[in-house]
Amino acid sequence: MSKLAEQPEIDVIGEIGLDYYWEKDPEVRARQRELFIRQIELANRLHKPFAVHSRDAMQDTYDIMSAHRGYGLLHCFSGTKEMAREFTKLGYYLAFGGALTFKNARHSIEAVQAVDEKWLLTETDCPYMAPEPVRGTRNEPSNIPYITQKMAEVRNVSLEHMAETVASNWERFLEMK
Ligand SMILES: [Zn+2]
């Protein structure tokens with residue numbers, strides 16, 4: 001993996017992180033934590049940003065990312081607004097996908113509202129999580145405006161402003177500025 005990650009075509013290391021939804025065995029979860037730390041260290045060594053997957057493992061993800069700092073984003077962020085604030089305090093970005101447009105998105109909406117706009121990113125998680133109103137279809141980048149629109153609505157700004165903000169956030173993230 002480190003050989004591959006060194007290639008100049010590789011802009012971001014990921015997804016790395018913890019998945020306790022699919023993995024219940026405590027020993028394997030411990031192994032996930034070990035590898036997560038090593039992958040953060042790899043990204044740091046190569047001076048590349050990383051994208052974190054965290055499912056049913058928010059506290060452990062936070063503990064590791066606060067003890068092993070780097071330049072990263074949380075993909076499909078699903079934590080609370082309090083967690084959102086804690087991650088951004090450490091300089092981590094939060095990426096939101098189609099779930100933000102779903103009916104039960106209260107936590108995601110609160111998280112989007114709770115942090116400075118400079119930490120907000122959009123993503124597809126393609127082919128999964130197509131946003132409303134195309135929920136259930138194969139997701140693709142052309143659906144991103146639905147997510148940006150929702151983000152603009154809940155932050156009470158124009159779609160244009162939100163789109164420009166997210167675009168410049170992505171640029172900054174990829175340049176690690
Ligand atoms: Zn993921």
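We count ligands from 1, going down the list as the structure has it; atoms in each ligand are counted the same way. Along the sequence shown, residues carry numbers from 1.
Side-chain contact between M65 and F36: present, with at least one pair of heavy atoms (C-beta onward) separated by less than 4.5 Å.
In the hydrophobic cluster analysis, where Ile, Leu, Val, Met, Phe, Trp and Tyr join through side-chain heavy atoms closer than 4.5 angstrom, V12 is grouped together with V52.
Judged by the 6.0 Å and 45° rule, R29 forms a cation-pi pair with Y20.
Separation of the F77 and Y93 ring centroids does not fall under the 6.0 Å cut-off.
If you look at the Zn ion (ligand 1), the protein N, O or S atoms less than 2.8 Å from it are E15 OE1, H53 ND1, H75 NE2.
Every residue two or more places apart in sequence or in another chain that forms a salt bridge (Lys or Arg N to Asp or Glu O under 4.0 Å) with K81 is listed here: E110.
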**OP:** Quick one: do D11 and K48 satisfy salt bridge (charged side-chain N to carboxylate O under 4.0 Å, His left out)? Show the steps, please.
**Re:** CA-CA 7 Å; D11 291 318; K48 293 187 184 190; over 6 Å; no
